[in-house]
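All heavy atoms count here, side chains included; hydrogens, waters and symmetry mates do not.
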Amino acid sequence: DGDPSHELCVHARRADLLIVGKKHQSGESPLTSHATLQAILHHAPRPVLCVPVGAQPWLPILIAYDGSKPAARAVHSFAASGLHADRPVHLLCCGERAAEVAEPCLEYLAAHGIQAEPLLTPGTPAEQILHYADRLQAGLVVMGAYGHTRLHELFFGSTTATVLQRTGVPLYLD
């Protein structure tokens, strides 16, 4: 009973990971479904794995990392999840400081037994995440969720919202 995003977030306190589908329910519009998913991502106390229909879990993993707290939390919880087992992992960092940002993350992953191939690019995060997810035929994209205020997102857009709307790849968000 009640608002689905609120109920899921309340019950997620008892879990390690919240897994949600990316297809709206019958009778629910895609816009309402997207709003519910965004509400979950803004309020969930645990990482969220957003899985579209037909996901293939054995394909490579793309980690999008920008050095922010949400990205660091996502990498940390992903490393602990075991979802990386026997899969190639790629670390995508964008911008002028991509190599500088990537270095501590690569070291962290290696310390947890995860060897990641760095992908350093000057492009914008959303477009590069979508490009590399497609190019690598990724089976999972790991990224921080909503690293900016809602006001910032209103004026400048959101990498999380863009990737959620435009990819069919499962997303691990924290």
Side-chain angles (χ1 to χ4, degrees), residues 1-85 87 89 91-92 94 105 124-134 137-174:
D1 292 332
D3 175 54
S5 62
H6 174 75
E7 293 298 320
L8 285 168
C9 289
V10 166
H11 292 287
R13 293 180 187 136
R14 297 181 186 95
D16 294 323
L17 177 68
L18 178 59
I19 302 173
V20 297
K22 197 174 169 187
K23 183 180 178 195
H24 60 278
Q25 299 175 358
S26 62
E28 181 181 34
S29 79
L31 291 177
T32 304
S33 176
H34 184 68
T36 299
L37 182 55
Q38 285 198 16
I40 290 168
L41 292 173
H42 276 289
H43 302 290
R46 301 290 184 265
V48 176
L49 179 58
C50 179
V51 184
V53 174
Q56 300 176 7
W58 58 86
L59 296 172
I61 296 168
L62 177 64
I63 300 173
Y65 185 75
D66 62 3
S68 67
K69 284 184 182 182
R73 276 194 312 268
V75 169
H76 171 78
S77 62
F78 169 75
S81 74
L83 292 171
H84 54 81
R87 296 169 73 180
V89 177
L91 177 69
L92 174 65
C94 302
C105 187
T124 58
E127 293 304 319
Q128 293 304 310
I129 293 167
L130 294 166
H131 168 75
Y132 279 101
D134 184 53
Q137 296 181 333
L140 181 65
V141 173
V142 176
M143 59 188 279
Y146 297 108
H148 297 288
T149 66
R150 289 188 186 195
L151 183 61
H152 183 276
E153 292 168 12
L154 177 67
F155 287 107
F156 301 105
S158 164
T159 298
T160 305
T162 300
V163 173
L164 271 170
Q165 290 172 349
R166 293 180 45 198
T167 189
V169 176
L171 300 173
Y172 183 98
L173 302 152
D174 196 352

Practice task
Would you indicate whether Gln137, at its atom CD, is surrounded by more than 12 heavy atoms from other residues, nucleotides or ligands within a distance under 6.0 Å?
Solution key: no
Problem - From CG (Leu171) to CE (Met143), nearest 0.5 Å - result: 7.0 Å
Handout entry: Spacing of Ile40 atom CD1 and His43 atom NE2 [to the nearest 0.5 Å]
Key = 10.0 Å
Handout entry: Heavy-atom pair of closest approach, residues Ala71 and Asp66
Key = CB-OD1, 3.3 Å
Problem - Where Pro47 and Ser77 come nearest, the two heavy atoms and their spacing - result: CG-OG, 3.5 Å
Handout entry: Value rounded to 0.5 Å, distance of CG in Leu41 from CG in Leu37
Key = 4.5 Å
Handout entry: Heavy-atom side-chain proximity of Val89 to Val142 below 4.5 angstrom
Key = no
Handout entry: Residue list, salt bridge (charged side-chain N to carboxylate O under 4.0 Å, His left out) with Glu127, at least two apart or on another chain
Key = Arg166
Problem - Stepwise side-chain contact (heavy atoms from CB on, under 4.5 Å) check, Thr36 with Leu8 - result: CA-CA 10 Å; Thr36 299; Leu8 285 168; 5.7 Å; no
Completion exercise
Of all heavy-atom pairs linking Ala138 and Leu59, the shortest is C-CB, 4.0 Å
Completion exercise
Here the pair of heavy atoms bringing Gly144 nearest to Ala74 is N-CB, 3.8 Å
Handout entry: Min side-chain heavy-atom separation Val141-Ile129 under 4.5 Å
Key = yes
Problem - Ala145 to Thr160 - nearest heavy-atom pair and separation - result: CA-OG1, 3.6 Å
Practice task
Supply the atom-to-atom distance Ile61 CD1 to Leu91 CG, rounded to the nearest 0.5 angstrom.
Solution key: 12.0 Å
Handout entry: Close side-chain approach of Cys105 and Val75, heavy atoms under 4.5 Å
Key = yes
Completion exercise
His131 meets the side chain to side chain donor-acceptor pair (under 3.5 Å) criterion, sequence neighbours left out, with none
Completion exercise
Smallest heavy-atom separation, Ser158 atom then Ala161 atom, equals OG-N, 3.1 Å
Handout entry: With sequence neighbours excluded, residues passing side chain to side chain donor-acceptor pair (under 3.5 Å) with Arg13
Key = none
Exercise for the section: Would you give the length of the straight line joining atom CG of Asp174 to atom CG of Leu49, rounded to the nearest 0.5 angstrom? Expected result: 11.5 Å
Problem - Leu62 CG to Tyr132 OH distance, which is reported to the nearest 0.5 Å - result: 9.5 Å
Practice task
Report yes if some heavy atom in the side chain of Tyr172 is under 4.5 Å from a heavy atom in the side chain of Leu17; otherwise report no.
Solution key: yes
